[in-house]
Amino acid sequence: MTETIASGPAGSAHVDDQPRPGRWLALAVLVLAVLLVGVDATVLGLATPFLSEDLRPSGTQLLWIGDIYSFVIAGLLVSMGSLGDRVGRKKLLLIGSVGFGAMSVLAAYASSAEMMIAARALQGVAGATLMPATLALIRNLFHDPRERSLAVGIWGAMASAGMAVGPVLGGFLLGHFWWGSVFLINLPVMALLVVVGAKVIPESRNPDPGPWDMPSVALSLVGIVAVVYAIKEAAVEGYRWDIALAAAIGVLALVWFVRRQLTLPSPLLNMKLFAHRGFSGAVLADLLTILGLSGLVFFLSQFLQMVQQRSPLNAGLVELPAAVGAVGAGLAAGWVARKLSVRIVVAGGLAVVGLSLVGCTTLHGDTGTAALCFILFIVGVGAGFSFTVTADVILSNVPKEEAGAASAVSETAYELGAALGIALLGSIVTSIYRGFPTPAGVSEPAVGAARESLGGAVETAGQLPADQGAALLKAAQHSFVNGVDVAAGVGAVVLLAAAGAAWFLLRGQQLGSGPGRAGNAAFATAGRQPEPGPGPAADDPVERL
């Protein structure tokens with residue numbers, strides 16, 4: 001079934017707004033991809049200590065293993081979202097699913113740090129097709145805004161469920177099999193998605209998309225990857241001429257990309273979307289939120305396993321409350337946003353996450369399980385409310401024919417925030433960690449090896465006499481925790497700033513309350529706010545502040 005959208009005057013797009021039969025079954029299949037991405041993100045963190053022991057990556061290589069996926073996927077999301085609008089979102093989703101499964105096998109059997117980095121990069125290429133396609137298909141499956149809000153809530157809840165299942169399942173696998181098994185669990189999910197999705201997901205595309213502009217694809221990829229690379233290297237190595245050159249190339253490529261989009265008759269990304277304050281506010285909130293959270297999340301599993309000496313399964317169970325809170329909040333987010341307002345839910349959720357991160361600045365080696373679970377649960381609730389509502393805002397205010405590209409912008413903000421967060425906050429942790437003092441009696445070569453990563457310190461300590469090994473490990477753990485505490489403080493500042501920005505930018509923004517509020521009308525002219533729809537939010541005195 002192909003989306004038949006004809007461009008015309010505002011609000012006059014010829015779309016059959018009757019509910020699609022089988023839309024909920026199609027949604028059930030779509031969220032399998034989301035579940036997979038959630039699982040894949042969290043099991044990598046748990047597997048990091050085992051990767052460190054087996055592949056022996058340097059500290060820089062370990063960061064690349066963690067963020068190369070985000071670099072590549074961020075650079076390609078807009079291009080893949082736009083490609084799905086052109087060739088068919090279902091087709092691209094199924095092709096990407098097959099590719100993701102194949103690259104998971106390559107990652108599982110990686111025999112070196114370089115091979116793992118390459119496998120994660122190729123996973124990023126395939127992964128760039130998944131998330132934008134799922135959100136764009138939801139936009140075209142659910143025409144009623146209330147149904148769409150519920151569908152987006154389920155979509156977000158399944159992403160969180162993947163994060164919940166990932167640590168527990170990954171902990172079980174790592175306790176019984178080798179680390180590559182955490183990637184092989186992708187295969188049955190991908191197989192089910194491809195086989196069932198081919199039958200139940202309707203195809204949709206923009207009927208008049210224009211050509212896919214390859215120079216724009218190259219510019220977006222080069223621009224984003226070069227800028228993120230420069231930030232990452234500058235945070236670790238300081239400023240050098242080659243880093244400055246990479247930054248300059250990235251900025252020039254992005255400026256050229258924007259200028260090209262403004263002149264093309266069929267741009268890869270319609271830049272007029274950003275003239276809408278609600279759209280821009282939602283994207284910015286997502287970017288800052290993930291930036292503030294991702295670096296801490298990346299190192300949390302190492303803290304639980306290498307500092308608190310928990311098993312992988314135990315560490316996964318400690319992280320479980322965050323995902324549980326996010327699932328519940330995601331399912332309720334649309335209803336709460338209509339009862340209160342969009343900006344109260346988004347800004348309030350981000351403020352809650354920021355304050356929770358303040359609590360993380362007091363982490364130490366013997367922090368209790370109850371305290372960790374409580375903090376992570378509150379983080380999950382705040383993030384679940386915020387992410388679900390911002391996704392709904394983005395989908396509710398774009399024309400259906402541009403759903404893929406707009407969804408890709410949302411996901412690009414997420415992935416770019418993750419890459420920047422790991423690069424910046426991760427670099428803070430790494431730089432503080434490497435400054436731990438040399439314990440008495442421990443040779444400089446041993447200390448040098450330990451300073452590469454906390455995993456390296458654990459391995460080196462095991463090769464030294466008991467007293468020297470214990471002193472080295474204690475010094476490394478203490479320094480690592482200090483780094484995590486500082487990163488949590490920086491993350492808290494970023495989240496509180498995001499809450500303030502959301503409060504301002506999402507003023508007056510509402511979720512749709514009935515099928516008459518077509519997204520096409522919202523962008524009939526650049527930057528025009530959608531007309532208020534019926535419902536409690538329209539009369540909310542807070543929204544008039």
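Residue numbers run from 1 in the order of the sequence given.
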Original post:
So do I249 and V227 actually touch side chain to side chain, heavy atoms under 4.5 Å?
Top reply: no
Original post:
If only atom types and distance count, is the side chain of Q308 paired as donor or acceptor with the main-chain N or O of F303 below 3.5 Å?
Top reply: no
Original post:
If you measure only the distance, is there a donor-acceptor pair under 3.5 Å linking the side chains of T369 and R310?
Top reply: yes
Subject >> Closest non-hydrogen atom pair between S356 and I378, with its separation >> reply: OG-CG2, 3.0 Å
**OP:** Heavy atoms only: give me the nearest L350-A502 pair and the separation to one decimal.
**Re:** CD1-CB, 4.2 Å
Original post:
Which heavy atom in L184 sits nearest to a heavy atom in P188, and how many Å separate them?
Top reply: O-CD, 3.6 Å
Subject >> Backbone of I428 reached by a side-chain donor or acceptor of S431 within 3.5 Å >> reply: yes
**OP:** Describe, in one word, how the ring planes of Y109 and W178 are oriented to each other, choosing from parallel (under 30°), tilted (30 to 60°) and perpendicular (over 60°).
**Re:** tilted
Original post:
Is a side-chain N or O of S479 found less than 3.5 angstrom from the main chain of A476, in a donor-acceptor match?
Top reply: no
Original post:
For L93, does its backbone N or O pair with a side-chain atom of S97 as donor and acceptor, under 3.5 Å?
Top reply: yes
Original post:
Is a donor on one side and an acceptor on the other found under 3.5 Å between the side chain of T361 and the backbone of V358?
Top reply: yes
Subject >> Face-on cation placement of R434 at F436 ring, 6.0 Å and 45° thresholds >> reply: no
Original post:
Just by modelled atom types, is the W503 backbone N or O under 3.5 Å from a matching donor or acceptor in the R343 side chain?
Top reply: yes
**OP:** State, with a plain yes or no, whether a side-chain heavy atom of Q123 is found less than 4.5 Å away from one of F183.
**Re:** yes
Original post:
Sub-3.5 Å donor-acceptor pair from the side chain of T390 to the main-chain atoms of S386, do we have one?
Top reply: yes
Subject >> Spatial distance of atom CG (L473) from atom CD (Q309) [nearest 0.5 Å] >> reply: 6.5 Å
